[in-house]
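Contents: one structure, followed by commentary.
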Amino acid sequence: MKKLFLVVNVDKFFLSHRKEIALAAQSSGYDVTVVTHFTGRQGEISALGLRVIDLPENPTGMNPLDELKTFCFLLRLYRREKPDIVHHVGIKPMLWGTLASLFTGRRNVVNAVSGTGFLFSPEKRNSFVSRAVRWLLKKVNRPTYRYIFQNGNDRCEFENAGLSKSEQAVMIKGSGVDLNQFAYVPESEKDNSVIKIVFTGRMIEAKGVLVLIEAAEKLRSEYDGRIQFILCGDLDKNPTALTKEKIESLCDGSYIKWLGFKGDIYSVLKNCHIMAFPSFYMEGLPKSVIDAEAAGLPVITTDWVGCRDTVVDGENGFLVPPYNADALAEKIKLLSDDAELRRQIGKSARAYAEKYFGIESVIQKHLELYKSLPTSTIKH
């Protein structure tokens, strides 16, 4: 039985984005271990019947001692456990996990680029840290490694920087969505007395939370009582994270309402009418948007990395420029005023999710990738 290690930044991200892949691999005969930083949800992973190991990692920090600790841990772990396949998700696991693999024998490495973060962001790409990480990623790459990309922009960035080659690339559009669990809900089955605009995602500035609140305030005088803005997401340790105090100061609990973290996001989506996701984060393919489209919500998102890969402008949603609260408010107003337009675009959103984002397709592509990898030379 081949040993597969899924190495993911944090437990809650694994549960929301990679759980189904791990369970499918286990059902297909792989000995699956999840290596992830514990934030209190590791018990949910164990309850699925998956082995789970705590990863000592600071997901957002850049302290050299913390980074060395993560690398040394993976080095010891790979040497002791001898996994046949290591599937790294995210830049830090990819960097330190790939380096650890080089020092502990020839094995199959799959690196999933779920957003490039600081590596290619306009603000940070020329920083010393970003350039150093790109240099190291280039050095640790080997021709047998495979790279999963969720959007064409990230693939081009990696290939142009020499971090991967075209023959190593595997395109998989996002983490997928269970189309049965996230069922389409027509507006005729909703309470339409107040049109609900929902945002789901981490409460960080780069996800566009403040841009959405600014757009909401631009519409308040005309639409208070007719529409409502629902913010649904957890606090975070990202450098641009908003504090609880900041969010609460901007939300009045009525016109703009923050729900905090919700484990069952569909219970929120099915009662809403429009998804607004004005992110300028270096996204892979935002699951927030995929989930909303599956539920049949028209989407307003940004013409930005990853986000633009989820929407055909004017068909299943609208693209607006990043940072632009005026353009966002205009599209919110358009959809709020036109129930028939919402219905048409919502149906198209569901059809788009069915065509591109079904979890079965995502799982199958991962299993085919694992199966295509050569036999490991690791001696157990």
Side-chain angles (χ1 to χ4, degrees), residues 184-201 203 205-233 242 247 249-259 268-281 283 286 288-304 307-308 310-353:
Y184 171 63
V185 182
E187 281 206 17
S188 59
E189 298 180 13
K190 300 179 182 181
D191 177 4
N192 300 316
S193 59
V194 175
I195 303 304
K196 295 181 175 64
I197 298 96
V198 64
F199 167 95
T200 65
M203 292 292 108
E205 186 175 346
K207 293 284 185 176
V209 179
L210 297 182
V211 176
L212 178 57
I213 291 174
E214 183 182 351
E217 292 298 343
K218 289 178 180 293
L219 297 172
R220 183 187 285 271
S221 61
E222 184 179 355
Y223 284 89
D224 193 359
R226 296 168 54 191
I227 66 176
Q228 183 184 40
F229 292 84
I230 306 292
L231 308 180
C232 184
L242 302 176
I247 299 170
S249 71
L250 296 170
C251 299
D252 59 10
S254 177
Y255 179 65
I256 306 175
K257 188 174 183 179
W258 177 46
L259 302 182
V268 178
L269 293 175
K270 69 180 182 180
N271 295 310
C272 293
H273 302 78
I274 301 164
M275 157 64 80
F277 191 74
S279 175
F280 47 93
Y281 188 75
E283 303 280 355
S288 296
V289 175
I290 294 172
D291 291 346
E293 289 185 344
L297 271 64
V299 170
I300 309 169
T301 189
T302 47
D303 188 5
W304 187 254
C307 297
R308 66 171 69 99
T310 63
V311 166
V312 178
D313 191 35
E315 181 177 313
N316 61 325
F318 294 107
L319 296 175
V320 297
Y323 316 103
N324 194 322
D326 288 323
L328 178 60
E330 178 185 337
K331 295 304 183 186
I332 291 172
K333 182 175 181 179
L334 175 66
L335 285 170
S336 297
D337 288 344
D338 194 332
E340 178 58 23
L341 181 63
R342 289 198 307 272
R343 187 191 68 79
Q344 292 176 1
I345 292 183
K347 287 187 69 176
S348 295
R350 171 66 185 192
Y352 197 82

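- Atom CD1 in Ile230 sits 9.0 Å away from atom CD1 in Ile197 (nearest 0.5 Å).
- With hydrogens and angles disregarded, no donor-acceptor distance shorter than 3.5 Å links the side chain of Asp303 to the backbone of Leu319.
- The existence of a salt bridge linking Lys190 and Glu187 is excluded, since no basic side-chain nitrogen approaches an acidic carboxylate oxygen closer than 4.0 Å.
- Within the 3.5 Å criterion, the main-chain N or O of Val320 finds no donor-acceptor partner in the side chain of Trp304.
- Under the 4.5 Å side-chain criterion, counting only non-hydrogen atoms from C-beta, Phe318 is in contact with Leu334.
- The shortest distance between side-chain heavy atoms of Leu250 and Ile256 does not fall below 4.5 Å.
- To the nearest 0.5 Å, the span separating CZ on Arg342 from CD1 on Ile274 amounts to 6.0 Å.
- Shortest non-hydrogen contact noted between Pro278 and Phe199 is CD-CD1, 4.3 Å.
- The shortest side-chain heavy-atom distance between Lys331 and Thr301 does not fall under the 4.5 Å cut-off.
- In plain terms, the two heavy atoms of Ala215 and Leu328 that are nearest each other are CB-CD2, 3.9 Å.
- When side chains are defined from C-beta on, Asp252 counts as touching Arg220, because their heavy atoms get closer than 4.5 Å.
- Looking at every heavy atom in both residues, Pro322 comes nearest to Thr302 through CA-CG2, 3.7 Å.
- The side-chain heavy atoms of Val289 and Cys307, taken from C-beta on, include no pair separated by under 4.5 Å.
- The CG atom of Asp291 sits 7.5 Å away from the CE atom of Met275 when rounded to the nearest 0.5 Å.
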What donor-acceptor contacts under 3.5 angstrom involve side-chain atoms of residues 344-353, with partners at least two apart or in another chain?
| unit_1 | atom_1 | unit_2 | atom_2 | d |
| --- | --- | --- | --- | --- |
| Gln344 | NE2 | Glu340 | OE2 | 3.1 |
| Ser348 | OG | Gln344 | O | 3.2 |
| Arg350 | NE | Glu354 | OE2 | 2.9 |
| Arg350 | NH1 | Leu179 | O | 3.4 |
| Arg350 | NH1 | Phe182 | O | 2.7 |
| Arg350 | NH1 | Ala294 | O | 2.7 |
| Arg350 | NH2 | Leu179 | O | 3.1 |

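- The two residues Pro298 and Leu335 have their closest heavy-atom pair at CB-CD1, 4.2 Å.
- The CG atom of Leu269 sits 6.0 Å away from the CG atom of Leu297 when rounded to the nearest 0.5 Å.
- Judged by distance alone, with hydrogens and angles left aside, the side-chain atoms of Thr200 form no donor-acceptor pair with the main-chain N or O of Cys232 at under 3.5 Å.
- If you take OH on Tyr255 and OH on Tyr223, they are separated by 9.5 Å, rounding to the nearest 0.5 Å.
- Counting heavy atoms from C-beta on, the side chains of Leu242 and Val209 come closer than 4.5 Å.
- Among all heavy-atom pairs drawn from Phe277 and Pro286, the shortest one is CE2-CB, 3.6 Å.
- Between Lys333 and Glu330, the closest side-chain pair of non-hydrogen atoms is not below 4.5 Å.
- Contact of the Val198 side chain with the Asn271 side chain is not registered, since no non-hydrogen atoms from C-beta on lie closer than 4.5 Å.
- With Arg226 contributing its side chain and Ile195 its backbone, the two residues share no donor-acceptor pair below 3.5 Å.
- Applying the side-chain hydrogen bond (donor to acceptor under 3.5 Å, both in side chains) definition to pairs two or more places apart or across chains, those involving residues 314-327 are Lys218-Asp326, Glu293-Asn316.
- Taken from CG in Leu231 to NZ in Lys207, the straight-line distance is 14.0 Å, to the nearest 0.5 Å.
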